2 protein chains.
Amino acid sequence: MAAIPLEKTLYVGTFIHSESLTELDICPNGMIGVDEKGKIAFISRDVKGAPIPVQEGWENAKIVRCDDGSGKNVGFFFPGFIDTHIHAPQFPNAGIFGKSTLLDWLNTYTFPLESSFKDLNLAAKIYNRVVARTLSHGTTTACYYATIHVPATNLLADICHSRGQRAFVGRVCMDHLSPDYYRDESAAESLEGTKACIAHVRHIDPDFDLVSPILTPRFAPSCSPAALEGLGKLHRDTGIPVQTHISENLAEIELVRKTFPESRHYADVYDSFGLLTPKTILAHAVHLSADERALIRARGAKISHCPASNTALTSGCCPVRQLLREGLTVGLGTDVSGGYTSSMLAECREALFTSRHLAMHSEPEAEVKLAVEEALYLATRGSARVVGLEGKIGGFEVGMEWDAQMVRLATVGDGLDLEEEKEGLVEIFGGESWGDKVAKWVYTGDDRNTMAVWVKGRLVHCRENFKP
Amino acid sequence: MAAIPLEKTLYVGTFIHSESLTELDICPNGMIGVDEKGKIAFISRDVKGAPIPVQEGWENAKIVRCDDGSGKNVGFFFPGFIDTHIHAPQFPNAGIFGKSTLLDWLNTYTFPLESSFKDLNLAAKIYNRVVARTLSHGTTTACYYATIHVPATNLLADICHSRGQRAFVGRVCMDHLSPDYYRDESAAESLEGTKACIAHVRHIDPDFDLVSPILTPRFAPSCSPAALEGLGKLHRDTGIPVQTHISENLAEIELVRKTFPESRHYADVYDSFGLLTPKTILAHAVHLSADERALIRARGAKISHCPASNTALTSGCCPVRQLLREGLTVGLGTDVSGGYTSSMLAECREALFTSRHLAMHSEPEAEVKLAVEEALYLATRGSARVVGLEGKIGGFEVGMEWDAQMVRLATVGDGLDLEEEKEGLVEIFGGESWGDKVAKWVYTGDDRNTMAVWVKGRLVHCRENFKP
C-alpha cells in the first residue's frame, strides 16, 4: 500500500465531525485538502463560488464532492468509524446465539468455529469477507481478535494491509480452562505464537503504520499465570498494545474470582501481570466495581463498549455515562459475533438504546441517556483515544490522516415510486435540520449510505457503480 | 384491484411459517397452489423431480420458485408481516426524537407534523412513500393511524387500495387536551369525520375486503367523554374495529387518572365507553396492572407490542411473556415514528432485545427472553389474531389467502469481493441449519432480502430488476 503515491485531493462540500462529546461540528461549505501522504493539509470553512477558489499548489488537485449536484441527495464527509472490538473469525456466526449467555455461548458457538481456522482456505474466505464488509460499513480502523492459529492470524494482517484497512491484529492466547480441541498447549506456545505474529506484521509493515500487532490474552480465566506474566513482560519490552475482555458477565466474574483468589478483583488480575496500562483496551466493562474503575483510570487503560453483544448475551448494560463522568476513556466495539452486526452505525443505535434501557432504571433519567452526537463521538473520537490514535484519526484536523467516509442520504422526490433500493432507507423530505439528517442517518441508515471510504487518503471501498 | 383476474400460481421451494408460538414449520421441498382468488388451494410437502408433478387442473399454472437455481442464494417463502400499529403521517420523523418522552415528544415533533396533513399534496407524497416502503419491508397488512383530516385519511385508504396493501385506516379523533392548531373542534366533529372516512372506504371497498376503516380515538386523554361515548356507540352499531393507545408511559397514565377520576384505571376508561371488545387493538400496554390485564383478557381485546418505540421514548419494557402466559393476544407494531423503523423485521430484533433487557432484571431469566421463532410468530400469527384475521392470513394453510414474501439470503462464494450491495448483509457460509438461516435473516436482514411481496395472491412489490 505505502508504495503507491497518492494524488493531492480536495474534498468539497459538507463535513461533519465531533467537536466534543456532545457537539458535532457541522460545516456545510467546507473544503479539506489532503496531501500526497494522505494527511489533511488545510481546512477551509466557507468555500463558495465556481470554480472553487484554491490556494497555491492545489490548482491541479483532484476534486471529490460529497453531493452529486443532482439535488437527489444530501451528502457529507464523516470520519471513518473505529471498531475497538471485533472477533474476525466469528463473523459467520453473526446473528446466531440463541438464548445463550457468555460461557455457554463460547462452548456452543464460538470455540467450534474458531478452531476451524487451522484451515487457511476457510480463513482466507472469511477474513476477506470481514474486512470487505467492515470497510463497506465505513470502518476504517478495527481491533481484531483472530484465533490461536499463527498462519491464519498472519493472513488476516495481510488482508487488512492489502485492502488498506487500519487494523490491530491479535493472535488469541488461551492456554488454560479451554477446550482440548482449541487451546494453546502451554504458556510458551502462547508467547511463541504471539511473537511469530508480531514478526510477521513487522515484516509487512515495519513501522506498524497501517497494521499493528496487539497482544491478546483472550480473557483472564483462559490464560495461565505464566502466559499472563509472559505477555506482561512482552508488553513492557515492546510497547505493543494489549486487548482483552473484562467484567462482561456475572458468571465470568465469579470464575475469575475463583481462578485468581489472590487478586482483589478482575482489573487487579491484569494489573498484577503488568497488563493494565495506557495501551490496554478492555472490552465490555459492564460490572466494574468503584475500585476497579479507579484502578483502570489510574492506569490509563481504555474501555470498549459493546452494547449489541451485551444485550444479545444478557450480559448487562455498561454504565457509559458513569464511566465518562469518572474520566475513563470509552469507545465503541461491535464484538462480532456476540454482537450480531459488523456495522458501527448499527452499534451507535445499540449504544443509544442500551443507554435508554439503563435510564429507565436510573434517576435522573436524562443524565443516563446518550444523544446521537455522543454515540457518534464514541464511534470516532472516543474510539480513536481507545486505540491511542487520537492525534491521527477520529476527526478532521490539519495534520490528521484522511480516514473518512462519504455519506449520502436520498431526498424524497415527488414521484410515486421508491427509488432503487440501492439508495437505502434514509428518506430526507426537505424540512430537516442538519441535526435531524444526522439522526436519520444513525437510526435508519446502513451501508447503502456509505458511498466511499478512505484510509490514509487512499480509497479503500466504494459503492458499486460509484466513482468518487 | 379486485377486478383484475389472477393467474393460478404454484409457489415452489422452501416455505417457512409459525406452527406455534415457539416452533417454525420449515418445509424445504414444498409447493403451494394459489387459485385465481388468491387463496391457498393446496399445499404439498414433499415435492421432488422435474418437471414438478402437478395435480389436475394446475398443469398450466404459473410457477414461482424461491431459489433462482444459481446456487448463489437460499430462498424461502414466509408469511407477510402484519404491522399492528403504525402512524403513517409520522413517517418523515423516523429517527427524530432526541431525548424526548411521550408527552413532550407529541408536542415537539408529532403534532406539528400531523397538522400539516391538511395539505393533500404533502399527504400524497408521504402516504405513497409509507405504503411503498412498508410493502418493500414485507408488510402485507398495516393498521394505520392517519390524522384528523378527512381528505388525507381517505387518500391513505385510496393509496393502500390501489397499491394492494391490506390495511386498517383510522381517522384520528382528538377533541380534548390537544393543541389549538391541531384538534377536533368538538365530539361531533370527531364522529362526523370518522363517519365520512367510513363512508369513503365503503365506497372503494364495500366489503372491507382489502381496506377497512378503524375507529381511532388517539388515546383516552385526547378524547372528551362525549367523543368516546359516540365512538363506543359507533363500534357497537357497525362492528368496525377500534385502535387506540394504552399504558405507554407513566406520566400518560397519571394524566389518564386525573382526567378520568371516576375510572378504576386506564383500561376501565375504554371499557366504560364500550371500547374494550374483541375488536379493540391496544398499542403498548407497557405498565398494565393485574386488574387491567384481567379485564382486557375478559373482554378479548388485543395488544400491539411496540418495542422500538418503547425504548426510544424510554416508556418501558412491555412484559410480553407475562401477557402471553396470562392468555392475552399479542402482535407486533412498529409505531413509526415513536419507533424509528418501518421494518417489521427490525421490529422483531427490537422485541428480542427488549425481552433480553427485561430478562436482565427478572428471575428466571430464560422464561422472559423471547426466541427468534417467537418474535416471528408475533409478527405474523400473533398480529393476525390482533387484527382479527387469523383465519385468513399469518400462515400458510389451505383456505387462507396468499399474503406472503419471498426471501433470499446470499451465499458467500469463494471470490474475494463483496457481491453487489443489492444482495444485502445476510451472509450464508454453508454450514448453517435452517434455524440458523432464519436467525441470520432476523438479525442481519433488511429489505434487500425481500425479493417479492404478494397480498391476496397479487404481486404488490418486487425488487428492482427482479421478476418472480
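Being a predicted model, the structure only gives us computed values, none of them experimental. Basis for what follows: all heavy atoms, side chains included, without hydrogens, waters or symmetry-related copies.
- Neither the backbone nor the side chain of A:Ser342 comes within less than 4.5 Å of any heavy atom in chain B.
- Two residues are said to be in side-chain contact when any heavy atoms from C-beta on lie closer than 4.5 Å; A:Thr101 and B:Lys369 meet this criterion.
- The candidate with the highest count of non-hydrogen atom pairs below 4.5 Å against chain A, out of B:Lys440, B:Met360, B:His357, is B:His357.
- Summarising the geometry of B:His361 relative to A:His361, their closest heavy-atom pair is NE2-NE2, 3.2 Å, with the distance given to 0.1 Å.
- Contacts between A:Thr311 and chain B at a heavy-atom distance below 4.5 Å involve backbone atoms as well as side-chain atoms.
- Under the 30°/60° scheme for interplanar angles, the aromatic rings of A:Phe353 and B:Tyr340 are found to stand perpendicular.
- Between B:Tyr443 and A:Phe97, the ring planes are tilted. Angles from 30° to 60° get that label.
- Within the 4.5 angstrom heavy-atom criterion, no atom of B:Ser343 approaches chain A.
- In terms of heavy-atom pairs under 4.5 Å with chain B, the best-connected choice from A:Gly98, A:Ala371, A:Ala312, A:Ala308 is A:Ala312.
- Listed here is the closest heavy atom pair of B:Gly95 and A:Ala439: O-CB, 3.5 Å.
- Across A:Ile428, A:Leu122, A:Ile96, A:Thr314, the residue that shares the most heavy-atom pairs under 4.5 angstrom with chain B is A:Thr314.
- Neither the backbone nor the side chain of B:Ser433 has a heavy atom closer than 4.5 Å to any heavy atom of chain A.
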key: Full working for side-chain contact (heavy atoms from CB on, under 4.5 Å) between A:Arg448 and B:Asp446   = CA-CA 12 Å; A:Arg448 286 172 282 188; B:Asp446 60 34; 3.7 Å; yes
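- Contact of A:Leu370 with chain B is made through the backbone alone, with heavy-atom distances under 4.5 Å.
- For A:Thr450, no part lies near chain B; criterion is any non-hydrogen pair under 4.5 Å.
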